[in-house]
Every structure is written in C-alpha cells, then in structure tokens.
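This report refers to the structure that appears directly beneath it.
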Amino acid sequence: MRSPGQLKSSSSELDLDGPNIEDYLPSGSSIQEPLGKLRLRDLLDISPTLTEAAGAIVDDSFTRCFKSNQPEPWNWNIYLFPLWCFGVVFRYFILFPLRVIVLTIGWIIFLSSFIPVHSLLKGHDKLRKKLERCLVELICSFFVASWTGVVKYHGPRPSMRPKQVFVANHTSMIDFIILEQMTAFAVIMQKHPGWVGLLQSTILESVGCIWFNRSEAKDREIVARKLRDHVQGTDNNPLLIFPEGTCVNNHYTVMFKKGAFELGCTVCPVAIKYNKIFVDAFWNSRKQSFTMHLLQLMTSWAVVCDVWYLEPQTLRPGETAIEFAERVRDIISVRAGLKKVPWDGYLKYSRPSPKHRERKQQSFAESVLRRLDEK
Amino acid sequence: MGNASSMLTQYDIEEVQQHCNHAFSQQEIVSLYERFCQLDRNNGGFISAEEFLSVPEFAVNPLSQRLLRMVDGLNFKEFVAFLSAFSPHATLHQKIEFIFKVYDSDGNGKVTFTDMLDVLRDLTGTFISEKQREVGLYFQVLTDVLDEAGYTKDSLMILSDFVKILGNSGLKIEVEVPVD
C-alpha cells in the first residue's frame with residue numbers, strides 16, 4: 001500500500017519495535033460511524049479530531065510517564081515545622097557526611113582490592129572473575145548503604161545459568177545498583193558521560209556489561225551481536241536488560257524493546273517498585289545530572305523499595321517477540337502496580353513516525369467512502 | 001508571568017479568566033498553568049511548535065500541522081484563550097467559530113473551496129486517491145455535498161454559513177482539564 005521509501009523517518013526503524021499504538025488509544029473517536037448519507041455538515045465537522053488534539057495538549061499519557069512528582073508539603077504547620085527543621089539539619093549535617101564517609105571507605109576497599117585482582121590474576125581467569133564479581137557486589141552494597149537503602153527482595157535469587165536474561169522496569173540508574181548488590185549482573189546500558197562513563201568503561205566492563213549509544217544505529221547491531229554471544233557463554237554473568245530503554249517515573253511502563261525477547265532465552269522478569277515516602281527515586285535526566293540525583297538520595301532519610309524476582313517466562317509457540325515482550329511487560333506492571341502506556345520511550349528523543357498518522361487518516365477516509373457507497 | 005517557576009497570583013488568574021471569558025475555573029487555570037510550564041521546556045514563556053510536537057499524541061493528529069499555525073509561540077494567556085473553545089462553558093457559537101478559524105487558513109474571514117479541500121486532505125491523507133485511482137475524488141465528493149446544501153464550489157463561506165450548517169448537528173467538542 002505504501003512505498004518503502006516513504007517510511008524513512010528518523011524514528012521509523014525504532015517504531016517497528018513495538019506493538020500497534022492504535023490497540024491502546026481510545027479507538028473510534030475520530031472515526032464516524034456510518035449514519036446514512038454523507039452531508040456537508042458531516043464533512044465540515046472536524047470536532048472529533050480537534051477534541052483529540054486539544055486533549056493531547058491539555059494532558060497526555062506520554063508526558064505523564066516522565067513527570068517527577070513534587071512531594072506534598074507537610075511541614076508548614078507550627079507543630080511540624082521545628083521538627084522538619086531538625087530533620088533538615090540532621091539529614092544534611094550528620095547523615096550526609098556519614099554517608100560520604102561510608103561511600104569513601106567503600107571505594108577505598110574496593111579499589112585497593114580490585115586493581116590488584118584485576119592486574120595480578122591475569123592467568124587465573126576463573127578465580128579473577130569470581131573475585132571481581134564479589135567486589136562489584138560489595139561496592140554496590142556500599143552505594144545502597146549510602147542512601148540507607150531499605151530494599152526488600154521477594155522470590156528466589158537469580159542463579160547463574162546460560163541462556164537466560166533478566167528484564168526489569170527502569171526508574172533510575174540506582175535500579176542497577178540495587179539489583180547488582182545481590183547478583184553481579186552484566187547490564188546493557190546507555191553510555192554515559194563523565195565519571196559514570198569512566199566507571200562503565202573500566203570496572204563494569206570487567207563484569208561483562210555492554211554499552212551503547214542510543215542515537216547510533218550501528219551500535220544497535222553490535223549490541224545485538226554481543227548479546228547473542230554473551231547469553232551463550234556458561235560462565236558469563238547473568239544478563240540484565242532494561243527493555244524500556246529510558247527511565248520512567250515508576251508509575252507507568254512504556255513499551256518494551258523487543259531485543260531482549262528474541263534471543264531465544266528464558267526471560268526472567270524483575271519488578272522494582274519504589275516507595276516515594278522519603279524521596280522520589282525517578283531520575284529525570286533532563287532536569288538533573290546523575291551526580292545531583294545521587295546527592296538528592298544521599299540527603300534523604302532513606303530509599304525504600306521492593307524487588308520481585310518473578311517466574312521465568314519462555315516464548316510460547318506461535319508468539320512473536322513483540323507479543324512476548326508485551327506479556328512480560330504485563331507481568332511486571334501487575335506486580336509493581338504500574339500502568340501501561342502504548343508509547344515508545346525513545347519518543348523522548350525523536351518524533352513518532354508518520355505511519356501512526358496515516359493509519360488514522362486511512363480509517364477516516366474509509367468511513368467517508370463507506371458513506372458514499374450508501375448513496 | 002513568564003517565569004515558569006513562579007506561582008500565579010490571584011490577580012494573574014483573574015486576568016487570565018477575563019481574557020478567556022471565564023471559560024475555565026480558577027483551579028482549572030492553575031492546572032493549565034502547570035501544564036503550560038511542563039510543555040514550555042526551555043522556560044521561554046511561550047510554547048514553540050517544536051515543543052507542541054514533543055507530545056506524541058498531538059504529533060500524530062492529522063490536523064496537527066494545521067493547528068500548529070494557530071498555536072506556535074503562544075504565551076500562557078493565548079494558550080488558555082486557544083483552549084477556551086474546548087471548555088464546557090464555551091457557547092456553541094464560540095466552538096463553531098473555532099472550527100471556522102481552523103478552516104480559514106489565511107484568516108480573512110472567508111472559507112474557500114480550496115480551504116475545505118485542504119482540510120479534507122489532511123484528514124484523509126493520501127488514501128482516497130490511492131485506493132480509488134480516481135483523480136479528484138475529494139473534489140467530486142465536496143462539490144456534491146456543497147451542491148446538496150445549496151452552495152457551489154465558487155461560494156465563499158463566512159462564519160454565519162458555518163453556524164447554519166453546524167449549528168444543529170450536535171457538535172461535541174469538549175475537553176476536560178484535569179484538576180487535582
């Protein structure tokens with residue numbers, strides 16, 4: 001129906017990853033049911049389409065996914081205000097320095113053992129890998145301690161096996177730290193600038209993490225190949241993927257990228273739900289750097305969260321990778337109490353492809369034609 | 001106003017309410033202001049076309065390009081005024097006037113046959129002509145229905161024509177502003 005050249009928009013390739021957004025959007029509002037003969041006023045009445053447009057301007061499900069919720073002010077009250085002031089002093093002048101010390105000690109221990117292990121045990125790959133694994137778990141525990149992470153893990157701990165991949169919903173980079181302190185996962189993540197990037201390319205690389213650049217199309221192929229190689233290895237760390245590809249505010253889930261679901265592996269869903277009672281763990285990368293995000297966490301009372309390791313899923317006969325991804329998203333959303341939205345998280349960085357609009361136009365055109373035939 | 005992080009005072013709200021003929025309640029204005037600041041990513045005090053298109057649900061709307069001509073660079077007062085046609089408090093006449101403005105691309109108060117054809121083309125995309133392989137099917141459709149309603153393809157429609165045509169068609173054009 002369409003010539004292939006027409007789809008060459010920047011995001012068209014990404015859009016093919018996902019299910020049909022029309023399956024989710026309120027259907028039929030722009031399609032008029034045939035009501036007999038076509039009259040002038042039916043053609044001129046563009047109100048359904050306008051209402052949809054205005055509705056999207058006033059409120060839309062995509063922007064809601066990335067909105068950091070402001071904490072409710074509770075302290076403007078003569079009884080609570082002194083208490084709150086005391087809390088601020090305590091958090092910033094006692095808790096925070098303590099946590100910095102804890103983190104520094106952690107780093108000293110980590111670096112002083114990681115560097116020798118990494119450089120001296122070149123010949124003993126197995127032992128070196130094991131020690132490195134333990135050390136990475138250790139430093140992550142220090143990180144979690146530095147925001148008094150109160151993490152409850154539910155379900156059986158992940159085991160090391162070939163041909164399995166863990167997928168989790170994504171709220172902040174601290175998801176990774178929280179999961180990593182229990183199991184040394186190898187993770188697929190966006191390449192970051194600054195000190196995070198340095199950690200990525202030095203330490204985390206040694207646990208088998210894979211980095212890519214979201215905007216580079218050729219990175220996608222390289223990552224796909226690395227992924228396939230990684231899951232085949234028996235002694236590799238279990239693979240962790242955040243298939244949303246971007247941080248969401250822990251109230252919604254955006255579409256899962258299908259990459260993790262077409263490896264032919266068992267998919268183990270992990271659901272993470274943060275309790276926002278003390279601090280919002282959503283990292284809004286547009287608004288703050290990761291360092292600021294960490295400082296925010298380190299000056300709060302605690303980070304409270306639940307992690308569920310859910311039942312492993314396999315591709316059912318006749319199921320496509322996209323359907324499989326949706327099924328796993330369902331499982332995670334239900335467990336963590338998140339709402340599903342039909343959007344690709346990459347729309348933060350690009351525009352939707354014209355094919356979505358074309359589909360709307362097609363259905364309108366068809367309804368006009370149907371009514372012409374009734375003439 | 002202009003500073004996105006500042007709060008609205010009672011005066012500001014009343015001023016905006018007057019500007020939009022009290023189409024929205026004070027609470028709704030506050031909600032709209034929050035939304036405005038959210039859309040105005042670079043805190044310029046106005047929303048650019050680019051910022052409107054960052055809402056995917058708006059970007060996929062068949063009329064988005066046409067509407068952009070009306071909304072590009074709106075400040076908050078104009079933003080509310082634009083949306084006031086969608087308020088439940090707006091009169092039918094105001095709503096029809098809004099639709100008329102969407103059609104009237106050059107803003108001269110007259111809608112020509114070409115204007116109507118353009119909107120129809122926006123709504124249907126390329127599908128009719130591709131499927132039917134009949135050049136100018138829209139043209140025919142539009143000419144026919146115009147003819148039936150007592151117009152010709154050369155007639156220039158003004159607002160009162162629109163009111164006459166759409167006035168009793170049970171127009172539904174309402175958007176609820178979420179208030180927390």
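Every chain is numbered from 1, with letters handed out A, B, ... down the list of sequences.
At distances below 3.5 Å, at least one donor-acceptor pair connects side-chain atoms of B:Glu57 with backbone N or O atoms of A:Ser61. In this structure a side-chain-to-backbone donor-acceptor pair under 3.5 Å is present from B:Asn61 to A:Thr49.
Between A:Ser47 and B:Lys95, the closest side-chain pair of non-hydrogen atoms is not below 4.5 Å. By the 4.5 Å heavy-atom criterion applied to side chains, B:Leu120 and A:Phe364 are counted as neighbours. Side-chain contact between B:Phe82 and A:Ile57 is present, with at least one heavy-atom pair separated by less than 4.5 Å.
Minimum interatomic distance between A:Ala54 and B:Leu83 (heavy atoms only, all atoms of both residues): CB-CD2, 4.2 Å. Listed here is the closest heavy atom pair of B:Ile99 and A:Leu44: CG2-O, 4.1 Å. Across all non-hydrogen atoms, the minimal contact from B:Met157 to A:Leu40 is CE-CD2, 4.0 Å. Minimum interatomic distance between A:Ile46 and B:Tyr103 (heavy atoms only, all atoms of both residues): CG2-OH, 3.5 Å. Scanning both residues, B:Val175 and A:Gly55, for their nearest heavy atoms gives CG2-N, 3.7 Å.
Listed options B:Ala85, B:Pro62, B:Ser54 were ranked by heavy-atom pairs under 4.5 angstrom with chain A; first place goes to B:Pro62. Looking only at heavy-atom pairs under 4.5 Å with chain A, the residue among B:Pro56, B:Ser64, B:Ala59 that has the most is B:Pro56. Contact tally against chain A (heavy-atom pairs below 4.5 Å) for B:Leu142, B:Leu32, B:Val177, B:Leu53: the top residue is B:Leu53.
Contact of B:Leu123 with chain A is made through backbone and side chain together, with heavy-atom distances under 4.5 Å. B:Glu50 touches chain A through backbone and side chain together, each having a heavy atom under 4.5 Å away. When heavy atoms are compared at a cutoff of 4.5 Å, B:Val111 does not approach chain A at all. With a 4.5 Å cut-off on non-hydrogen atoms, B:Phe58 touches chain A through its backbone and its side chain both. Looking at B:Leu39, the atoms closer than 4.5 Å to chain A (heavy atoms on both sides) all sit in the side chain, from C-beta outward. Interface remark: B:Arg66 contributes no atoms to any contact with chain A (heavy atom separation under 4.5 Å). Residue contact with chain A, scored on non-hydrogen atoms closer than 4.5 Å, involves the side chain of B:Phe162 exclusively. Looking at B:Glu176, the atoms closer than 4.5 Å to chain A (heavy atoms on both sides) all sit in the backbone: N, CA, C or O.
The pair A:Asp45-B:Lys172 does not count as a salt bridge, with every side-chain nitrogen at least 4.0 angstrom from each carboxylate oxygen.
Atoms CD and CG, on A:Gln361 and B:Asp122 in that order, are 7.5 Å from each other to the nearest 0.5 Å. Interatomic distance, B:Arg35 CZ to A:Thr63 OG1, rounded to the nearest 0.5 Å: 4.5 Å. If you take NZ on A:Lys287 and CZ on B:Arg41, they are separated by 10.0 Å, rounding to the nearest 0.5 Å. Separating the CG atom in A:Leu50 from the CD1 atom in B:Ile173 is a distance of 5.0 Å, to the nearest 0.5 Å.
Residue A:Met292 places its CE atom among 12 or fewer non-hydrogen atoms of other residues, nucleotides or ligands, all under 6.0 Å distant.
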